[in-house]
Amino acid sequence: MEETDREAVATAVQRVAGMLQRPDQLDKVEQYRRREARKKASVEARLKAAIQSQLDGVRTGLSQLHNALNDVKDIQQSLVDVNKDWRQSINTIENLKDVKDAVVQHSQLAAAVENLKNIFSVPEIVRETQDLIERGELLQAHRKLMDLECSRDNLMYEQYRMDSKNTHDMNLIHTYFGDMQKLSEELAKQLWMVVQRSLVTVRRDPTLLVSVVRIIEREEKIDRRMLDRKKQTGFIPPGRPKKWKEKMFNILERTVSTRIEGTQADTRESDKMWLVRHLEIIRKYVLDDLLVAKTLLDQCFPPHYDIFNKLLNMYHQALSTRMQELAAEDLEANEIVSLLTWVLNTYKSAEMMGNSELSPEVDVNSLNPLISQNVVDQLLSKYMSTLTSNIIGWLRKALETDKKDWIKETEPEADQDGYYQTTLPAIVFQMFEQNLQVAAQINEDLKTKVLLLCLQQMNSFLTRYKDEAQLYKEEHLKNRQYPQCYVQYMIAVINNCQTFKESIISLKRKYLKIEMEDALSSSHTSMDATLDIIAKEGCSSLLDEVFMDLEPHLNELMTKKWLMGSNAVGTICVTVEDYFNDFAKIKKPYKKTMTMEAHRRVVVEYIRAIMLKRISFKNAEERKEGAERMIKEAEQFRFLFKKLAAGSGEDTEGLCDIIEAIAEVIKLTDPSLLYLEVSTLVSKYPDIRDDHIAALLTVRGDASRDMKQTIIETLDQGQSQPNPNYVPIFKEITVPTLTVPKLLK
């Protein structure tokens with residue numbers, strides 16, 4: 001206490017010192033004193049009030065504790081008295097057992113009296129209920145049925161309470177109300193008929209459907225009440241629980257399944273498009289039904305039924321079952337495509353489940369697949385296997401059809417640019433296009449697989465095409481008069497090769513992803529090579545045809561008849577030009593190749609005629625005349641092939657220059673310069689052989705055996721530098737007899 005006083009005095013001293021720091025503040029001492037006195041009085045008043053409040057609270061608490069103690073003592077005494085009274089009344093309760101039995105019997109009799117009116121009127125109520133059911137007044141019929149069931153259930157319950165083992169009386173009651181069970185079944189039939197036709201009924205008479213739902217809800221409440229009573233008493237009336245709500249959903253599920261299965265109106269035997277029609281009908285029915293369920297049916301059921309989502313699940317499950325059944329059938333390739341397109345694309349598209357009017361209740365992303373991925377893979381595998389067989393068959397049939405056209409007596413059709421063609425490329429690639437379009441409807445992966453299959457089969461097909469073109473040529477060679485339009489159809493075959501090339505490129509560009517092109521580059525190269533071979537062999541066979549006609553005229557070259565003024569070269573030029581009028585129907589670049597090869601073969605045959613040594617000039621005059629004729633004919637060839645190659649950019653000069661160079665050797669009048677002229681010839685055309693030189697000197701007719709030997713040996717010692725752009729031509733020409741001993745090795 002003393003410590004507290006000292007602290008208070010110290011604090012007061014500091015406070016006063018703070019107030020009186022300046023002389024002028026001494027005048028306010030009295031004012032400070034009064035202010036501090038007021039504060040002190042205020043603090044003391046608050047302190048006294050707080051202490052008084054605490055004292056009042058303690059006083060009240062003590063009073064309540066005293067009262068509680070008295071109450072506890074009173075309760076304790078009361079419990080003692082109750083215990084004493086209870087012990088004294090045990091015997092009295094046992095004496096009241098008869099009264100208890102009388103009360104139970106009274107309760108049963110009261111229930112019997114209460115239901116007496118209903119008991120006697122059961123037959124009449126049954127008839128009235130039957131009439132109501134027949135008239136379709138289901139709510140009223142159900143009300144009366146409920147009254148009958150209530151009477152029966154109360155009687156049976158009282159009998160159960162009185163004597164649960166007395167089955168005779170229970171059976172008696174059950175038999176008396178036996179017609180009621182039939183009514184319940186008859187009413188249920190009417191309800192299930194309405195439920196089965198609910199999607200139709202809701203549009204025509206929604207009130208009837210609402211009545212059915214109300215009846216089912218009533219029965220559900222009775223079921224719950226009876227089950228609760230069973231838990232308490234162990235008694236439940238016969239036929240309970242009815243579970244009409246569960247039965248209703250079972251009926252709806254069977255109805256949905258039947259509706260899906262019943263949409264198949266045709267079979268494969270009656271209509272090849274049976275599956276397409278079947279799936280389209282399913283799509284239309286399901287979409288219409290779900291739209292009705294969302295807009296109308298949902299309003300006729302309580303929210304907790306969640307009728308739309310339940311129907312959605314039923315339709316989904318029924319569709320899944322039906323799709324699996326269809327997938328298990330022996331489907332054809334086009335049917336597999338129709339099924340997979342419908343399952344993978346149509347089902348979740350805006351045409352069906354993705355319809356805007358079904359959202360947001362239907363989320364297509366949350367729908368499970370109608371068929372498993374394993375089944376999808378099996379179908380795709382079967383489709384690819386069937387498609388492979390079909391494509392092979394289609395290609396074989398297309399080729400057989402095209403071969404029949406080859407022997408026609410009418411020319412093949414021409415395209416818009418006038419080039420001969422057959423329908424084979426169009427048929428083949430139209431078939432490929434159709435299958436790729438179908439595959440694209442399913443997914444990108446299948447489209448790529450089908451494209452790879454088409455190109456793979458195309459590769460095999462082109463090999464057969466090449467073989468058939470070769471057989472066509474061989475058959476023609478047996479009888480050149482047959483087929484009549486051989487040349488025209490061989491031109492069409494050649495043109496088809498170019499069309500095939502263009503179509504393959506177009507197909508890949510349209511259906512193949514860029515990243516897949518490298519994987520097909522080898523296949524594409526192989527097809528291009530095969531097509532080039534077919535075209536090259538076709539061009540070669542056409543040139544063979546030309547040169548078979550030219551053979552008699554080629555045989556006249558470098559003969560006495562030729563020297564005397566034969567028009568063999570003129571005939572050759574006319575014949576070649578006539579053939580090339582038809583060859584103009586050949587597409588580029590094969591036409592250019594054809595022209596170059598024809599030019600080359602004409603020159604080769606001309607030089608071969610020289611090397612055959614059919615003529616040996618007797619004097620300088622004949623040599624001059626023969627050489628000038630050769631130069632003139634070379635110019636004829638040059639003019640002809642320049643005309644044929646117009647616009648193709650082909651060099652027509654070099655080949656005819658060979659004939660002119662040979663003519664210069666023959667024309668030479670000074671034998672001493674013969675070596676120089678021959679060496680010039682050899683330097684230009686390094687593939688010329690010794691036997692060629694010997695034959696050429698033999699045709700001159702003025703070179704002795706020793707001269708030939710000397711020239712050849714001298715040329716052998718020299719080394720010529722071939723022109724890098726020179727294409728060997730003499731290597732194709734053989735000399736029938738060797739005139740130089742050196743060459744006999």
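These values consider heavy atoms only, across backbone and side chains, with no hydrogens, waters or symmetry-generated copies.
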Under the criterion side-chain contact (heavy atoms from CB on, under 4.5 Å), I'd like the reasoning laid out for E577 against L640: C-alpha separation, chi angles, the key distance, then a yes or no. CA-CA 8 Å; E577 185 173 6; L640 169 66; 3.9 Å; yes
How many angstroms lie between OG in S616 and CG in D702, if you round to the nearest 0.5 Å?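 Between atom OG of S616 and atom CG of D702 there are 8.5 Å.
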If I take atom CD1 from residue I662 and atom CD1 from residue I607, how far apart are they, to the nearest 0.5 angstrom?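 It is 4.5 Å, given to the nearest 0.5 Å.
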Decide, yes or no, whether a salt bridge links [X] with [Y] under the criterion of side-chain N to carboxylate O below 4.0 Å.
X: K510; Y: E433; value: yes
X: R638; Y: D657; value: yes
X: R600; Y: E732; value: yes
X: K403; Y: E400; value: yes

Side chain to side chain contact (heavy atoms under 4.5 Å, CB included) partner of L542, chosen from E537, M594, K473: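 Result for side chain to side chain contact (heavy atoms under 4.5 Å, CB included) with L542: M594.
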Quiz question: by atom type and distance under 3.5 Å, do the side chains of [X] and [Y] form a donor-acceptor pair?
X: T422; Y: D402; value: yes
X: S372; Y: N374; value: no
X: D377; Y: Q373; value: yes
X: T669; Y: K624; value: no
X: N496; Y: Y465; value: yes
X: Y606; Y: E633; value: yes

Quick check: do [X] and [Y] have side-chain heavy atoms less than 4.5 Å from each other?
X: L395; Y: R464; value: yes
X: H476; Y: M490; value: no
X: I371; Y: L340; value: yes
X: F641; Y: Q636; value: no
X: M548; Y: L477; value: yes
X: Q484; Y: I407; value: no

Can the ring centroids of Y486 and Y472 be said to lie less than 6.0 angstrom from one another?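 Yes: the rings meet the under 6.0 Å criterion.
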Please walk me through it: do K501 and D532 pass salt bridge (Lys or Arg N to Asp or Glu O under 4.0 Å)? CA-CA 10 Å; K501 279 187 175 183; D532 285 339; 2.5 Å; yes
R689 to F730, cation-pi by 6.0 Å centre distance and 45° axis angle: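 Not flagged: R689 not positioned over aromatic ring of F730.
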Think K585 forms a cation-pi with Y419, using NZ or CZ under 6.0 Å from the six-ring centre and within 45 degrees of its axis?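 Pair K585/Y419 does not count as cation-pi.
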Is it the case that atom NZ in K382 sees more than 12 heavy atoms from other parts of the structure closer than 6.0 Å?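 Enclosed.
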Residues R480, E545; criterion salt bridge (Lys or Arg N to Asp or Glu O under 4.0 Å); working and verdict: CA-CA 9 Å; R480 292 189 61 211; E545 191 76 7; 2.9 Å; yes
Should Y420 and Y489 be marked as a side-chain contact (heavy atoms from CB on, under 4.5 Å) after you check the CA-CA gap, both sets of side-chain angles, and the distance that decides it? CA-CA 8 Å; Y420 285 139; Y489 277 100; over 6 Å; no
Tell me the closest heavy-atom pair linking L668 and R623, and the distance in Å.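 Heavy atoms only, the tightest pair is O-NE, 4.5 Å.
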Going through the checks in order, is the side-chain contact (heavy atoms from CB on, under 4.5 Å) test met by E605 and I572? CA-CA 11 Å; E605 292 299 327; I572 290 172; over 6 Å; no
The single option from E556, K561, H553, R629 passing side-chain hydrogen bond (donor to acceptor under 3.5 Å, both in side chains) against S566: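 That would be E556; it is the only one of E556, K561, H553, R629 passing the side-chain hydrogen bond (donor to acceptor under 3.5 Å, both in side chains) with S566.
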